[in-house]
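The next block holds one structure in the form of structure tokens; read it before the comments.
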2 protein chains.
Amino acid sequence: MADGVRVAPADKRRAILDAAIRVFARQGYHSTRVADIADEAGVAYGLVYHYFRSKEAVMTELFTERWSLLLDASDALYERDLRPREKLAGIARFIIDSYRHDPELMKVIIVEVTRAANSFGATHLPEIRRAYDVVSRIVADGQRDGVFRAEVDPDFVGMWFYGAIEQLLSGWVFGLIPATDEEFERAGAMVVETLCCGLERHDRA
Amino acid sequence: MADGVRVAPADKRRAILDAAIRVFARQGYHSTRVADIADEAGVAYGLVYHYFRSKEAVMTELFTERWSLLLDASDALYERDLRPREKLAGIARFIIDSYRHDPELMKVIIVEVTRAANSFGATHLPEIRRAYDVVSRIVADGQRDGVFRAEVDPDFVGMWFYGAIEQLLSGWVFGLIPATDEEFERAGAMVVETLCCGLERHDRA
DNA sequence: TGCGGTAGATTGACTGGTCAATCAACCACC
DNA sequence: GGTGGTTGATTGACCAGTCAATCTACCGCA
């Protein structure tokens, strides 16, 4: 070989995963053929099946890899000595930063897993719910400490929080709202600010 | 025929649509075969293609039929002389009532269209955005009149509002949160209440 | 140093099954 | 006998997953 460099096995595996991210992001899971992934990765068709049991297994690996980061970050944030609002802001920021850092992967995860209740969403429900659950606990703590109003169901807020943030990411993904660096900076704070304080003005007249 | 009753043509068409709702709700769009729809409707396979150009056309008809009701209701609500909060509550209530009235159809619309950004969601983006847009306008009006805080981007709230409500419906659809009659009654009001007033307590000490 | 041997990586042609859509025939009523 | 509704077998395309063959790096041994 000209350069004498041989790609280590692990790198081919990684190359397949990275190629899958790009192709899934571009065409969606259902419209991508396993051949597309192999082509994009520059490997033979069969090699995908050498490293992964199935096309589905590729997707699952991509999801689990990233989602466990979110879960770990959420847990860490929950344990820290912060006000509820700051914890929520931390989670929002982590998700948005994930998107800034790797928009294609986040697009795939949100579009194909988190919001795909019929396919991967069903398979990974437990992990997805674990993320909601951290938010619920933060809210419940806030209620216990008298910072948050007691009438709102914490589980309900957990889902709401993720529903809102995912919708926001969807907006970026599909160009419905501007995706500038400035927007990213503001968006996370704005979600939490609005969630905590509401839309209405509360003037002390 | 024993009962001498002949089903009118239009009824067969309707029977196919109704059957499609049930099958799509049960198995999801991608896992339902056209044969499943025909079987469920009690008609021959080919008749589906007599009334509809394709499997996709069946789904499109289901979506458009219902979504236009939502659009009309939203527009009507927008025109009425109500406070912004009441208009938002009206929309939330309409969506939730739609779900109570026909949970299977709403499940299909949300799971397969509204949140399926890669398939039908892309096709029907304009109509979907029209719904978000009404909310945005309500918020913008509220800001103009000084009822709502000015810092929040109305477009952003439009997406948020739907993201939250759809997540809530998803929760009911998949049994993540209790779907009792009482819950339905409270849920719509709670979304709007929380959105407008925020989670935090605003005591006038 | 050179040489069989082996395990794991890599290749891509092929198979088996699935399913949307077509179509030619059939039926019932006017 | 004609029109519009109705039937279901057939077709043709598509594609996930299999598999037998090939390649390459490296090891033990003389």
Side-chain angles (χ1 to χ4, degrees), chain A residues 1-24 26-63 108 112-113 116 118-120 123, chain B residues 1-24 26-63 108 112-113 116 118-120 123:
Chain A
M1 234 163 272
D3 53 11
V5 175
R6 228 186 91 74
V7 181
D11 288 346
K12 286 273 171 105
R13 193 187 139 90
R14 188 70 251 170
I16 291 169
L17 284 170
D18 289 342
I21 293 173
R22 291 193 296 274
V23 184
F24 286 157
R26 197 160 57 229
Q27 318 171 202
Y29 178 82
H30 281 293
S31 334
T32 94
R33 326 279 138 247
V34 173
D36 297 337
I37 301 175
D39 288 351
E40 176 85 20
V43 302
Y45 185 92
L47 197 62
V48 175
Y49 287 91
H50 179 71
Y51 287 113
F52 301 94
R53 217 181 55 266
S54 64
K55 178 183 160 190
E56 185 176 327
V58 176
M59 180 76 239
T60 294
E61 172 121 1
L62 290 178
F63 169 74
V108 171
E112 307 291 346
V113 187
N118 267 335
S119 47
F120 290 105
T123 320
Chain B
M1 236 165 267
D3 53 13
V5 175
R6 226 184 93 76
V7 182
D11 288 347
K12 285 269 172 107
R13 193 187 139 90
R14 188 70 251 171
I16 291 170
L17 284 170
D18 290 342
I21 293 174
R22 293 192 296 274
V23 185
F24 286 157
R26 197 160 58 229
Q27 318 171 202
Y29 178 81
H30 282 291
S31 328
T32 93
R33 325 280 138 246
V34 174
D36 297 336
I37 300 175
D39 288 352
E40 176 85 21
V43 302
Y45 185 92
L47 197 62
V48 175
Y49 286 91
H50 179 71
Y51 287 111
F52 300 93
R53 215 180 57 265
S54 64
K55 179 183 160 192
E56 187 176 325
V58 177
M59 180 75 238
T60 294
E61 172 119 2
L62 290 178
F63 169 74
V108 171
E112 308 291 347
V113 187
N118 268 335
S119 47
F120 290 105
T123 319

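In the text below, chain A, chain B and the rest are named by the order of the sequence lines, each starting its count at 1. All values reported here derive from a predicted model rather than from experimental measurement.
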Y49(B) six-ring centre to K55(B) NZ/CZ under 6.0 Å and within 45° of normal: no
Sugar-phosphate, base or nothing in reach of S31(A), heavy atoms under 4.0 Å: nothing
Per A44(A) side chain, nearest of listed nucleotides dT11(C), dT7(D), dT6(D): dT11(C)
R14(B)/D18(B) salt bridge by N-O under 4.0 Å criterion: yes
Plane angle bin for Y29(A) and F24(A) - parallel if under 30°, tilted between 30 and 60°, otherwise perpendicular: tilted
dT10(C) OP1/OP2 closer than 4.0 Å to side-chain N/O of H50(A): no
Length of the line joining I37(A):CD1 and dG17(D):C1', which is rounded to integer Å: 13 Å
Phosphate-side-chain proximity, K55(B) and dA21(C), N/O vs OP1/OP2 below 4.0 Å: no
Nearest listed nucleotide, side chain of K12(B), among dA20(C), dT7(D), dT6(D): dT6(D)
Short side-chain to backbone donor-acceptor contact, D36(B) and R33(B), under 3.5 Å: yes
Value in whole Å for how far the P atom of dA20(C) lies from CZ of F52(B): 15 Å
Whole-Å distance separating the CZ atom of R33(B) from the P atom of dG8(D): 20 Å
E112(A) and N118(B) side chains, donor-acceptor separation under 3.5 Å: yes
Interatomic distance where CD belongs to E56(B) and P belongs to dC19(C) [whole Å]: 18 Å
OP1 or OP2 of dA21(C) under 4.0 Å from side-chain N/O of Y49(B): yes
Nearest-angstrom distance from the residue atom CG of L47(B) to P of dA25(C): 19 Å
Separation of dG12(C) C1' from D39(A) CG (nearest whole Å): 11 Å
Distance in angstrom units between D36(A) CG and dA16(D) C1', rounded: 12 Å
Nucleotide dC15(D), atom P - distance to OH of Y29(A) in whole Å: 13 Å
DNA chain C: 5'-proximal contact among H30(B) and Y45(A) (nearest heavy atom): Y45(A)
